[in-house]
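A, B, ... follow the sequence lines: proteins, then strands. Residue 1 opens every chain. Keep in mind the model is a prediction, meaning the values are calculated, not measured.
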2 protein chains.
Amino acid sequence: MNINEAIDLLKENGYKATGKRKDILNYFADSDGYRTAKDLIKFLEKKDDAVSFDTIYRNLHLYNEVGILETTELNGEKHFRMNCTHHHHHHFICNKCGKTKEIEVCPMDEVTRSLANYEIDGHKFEIYGLCPTCQ
Amino acid sequence: MNINEAIDLLKENGYKATGKRKDILNYFADSDGYRTAKDLIKFLEKKDDAVSFDTIYRNLHLYNEVGILETTELNGEKHFRMNCTHHHHHHFICNKCGKTKEIEVCPMDEVTRSLANYEIDGHKFEIYGLCPTCQ
DNA sequence: TTTACAAATCGTAATGATTACGATATGATG
DNA sequence: CATCATATCGTAATCATTACGATTTGTAAA
C-alpha cells in the first residue's frame, strides 16, 4: 500500500488526514519491513517532530484496524509494516533489519480439509532468518 | 512432554527440581493448550500457593530456554504450552480456550527452494479459530 | 543424617511499554 | 473564514515484567 491509498482509506472510514498521521504513514511507506513503535518514535524525534505517546499508539492501533498496517511479534516486540493489498501471500522476515520477502506458498487449502469441525478465522505463516545483506 | 521428561531436562541442564518448579510443570502438563503467565498465577493463588512474580517469570523463561515450554503471541498476550517432543508439526489454536490440534502439513521444503540466499533460522505456521467445543 | 553452600524463592520496589485524561490545536465542511 | 468534532499534547496512571537484598531450600558430600 502507498501513502495515497492509505489516506483514502482513512477518509473512507471517517478519519482526518492530519500532519502527524501523514508523518507516520511516510515512515512506514519508506520502510519496506517490520518496525516497532520505538523505531517510529526515534524517527519522529530525529526530525524534531515531537509526538505524544497518545498519538503514536492511537494511530498504530487505528492503522491496524482499518488495514493500513499489519502486525506481528518478533523477538518479543510488536512490529508493524505497511499492509500488502495485492494477492494473498506470506513473508520471510529478517531478524536483524526487519525487511521482508514475499513467499508465494500457502498451505491453507490442504490444512482446511483436516479441520472439518473447526471454525477457521485466520492463519499465520512466517519464515525467520537473515536476509542476504544482513548475513 | 510429560512432567518426568521435563524434570530430567532440568537436571541435565544443571537446574534444581524445586517444589515451585514442579507446581508450574503440573499446571502446563494438565493444560493441553496455550496459557498466559496470568493464567498460571491465578491457578497457583487458588491452591493457596503464593508465588513471587520473580519465580513465575524466571521459570517461564527458563522452561522456554531448555525446551520444556514453547511460546506464541495470541490476541496481544504471550502464551505458553508444553513443548511437543515427537515429530515436527504445527498447531490449530482455539482463540477462546487456547487448546491446540496438531496439523501435519508443513510447507517448508517448498519454501526453502525460493529462499536460496537467505539464512533460515525458524518458521511459524499457526491456524487460529474456534474449536468444536467453543463454537 | 547432617552439613554446607550454591541456587531458588520471597516480598517488594523499579522499570518500561502502553493507555488514559483534561486542555489545547487543527482539519474538514459549509 | 467560522464552526466544531476530531486529533494532538504533555503528563499522569496503569499494567506486565524485571530486579534486588534477604531468606529458604535442594543437592551432594561428609
Give the rounded distance in Å between these two atoms: [atom1] of [X] and [atom2] of [N].
X: A/I7; N: C/dA28; atom1: CD1; atom2: P; result: 9 Å
X: B/E45; N: C/dG11; atom1: CD; atom2: C1'; result: 14 Å
X: A/K78; N: D/dC15; atom1: NZ; atom2: P; result: 15 Å
X: A/I56; N: D/dG10; atom1: CD1; atom2: P; result: 12 Å
X: A/N59; N: C/dG27; atom1: CG; atom2: C1'; result: 14 Å
X: B/I24; N: C/dA8; atom1: CD1; atom2: C1'; result: 11 Å
X: B/N13; N: C/dA6; atom1: CG; atom2: C1'; result: 17 Å
X: B/L40; N: D/dA16; atom1: CG; atom2: P; result: 14 Å

To the side chain of [X], which of [options] is closest?
X: B/F53; options: D/dC9, C/dA13, C/dT9; value: C/dA13
X: A/K38; options: C/dA17, D/dT11, C/dC10; value: C/dA17
X: B/A17; options: D/dT27, C/dG27, C/dG11; value: D/dT27

Just by distance, with hydrogens left out, do B/H91 and B/E70 show a side-chain donor and acceptor under 3.5 Å apart?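 Side chains of B/H91 and B/E70: no pair found under 3.5 Å.
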
Side chains of A/Y128 and A/E126 only: does a donor on one sit below 3.5 Å from an acceptor on the other?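 Present: a donor and an acceptor within the cut-off.
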
Look at all strands and tell whether B/K22 reaches a base, only sugar-phosphate, or nothing, counting heavy atoms closer than 4.0 Å.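 It contacts nothing in the nucleic acid.
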
In Å and rounded to the nearest 0.5 Å, what is the NZ to CG distance from B/K20 to B/L25?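 Spacing of NZ (B/K20) from CG (B/L25) equals 13.5 Å.
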
When you measure from the side-chain N and O atoms of [X] to the phosphate of [N], is any distance below 4.0 Å, counting only OP1 and OP2?
X: B/K20; N: C/dC10; answer: yes
X: B/R58; N: C/dA8; answer: no
X: A/Y57; N: C/dT18; answer: yes
X: B/T18; N: C/dT9; answer: yes
X: A/S52; N: D/dG10; answer: no
X: A/H61; N: C/dT18; answer: no

Both B/Y15 and B/D54 contact DNA chain D. Taking the nearest nucleotide for each, which residue is further toward the 5' end?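 The residue closer to the strand's 5' end, by nearest nucleotide, is B/D54.
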
Aromatic contact, A/H88 with A/H90 (centres under 6.0 Å):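 Between A/H90 and A/H88, which both carry aromatic rings, the centre distance is below 6.0 Å.
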
B/N64 side chain to B/L60 main-chain N or O, any donor-acceptor pair under 3.5 Å?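 Such a contact is absent between B/N64 side chain and B/L60 backbone.
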
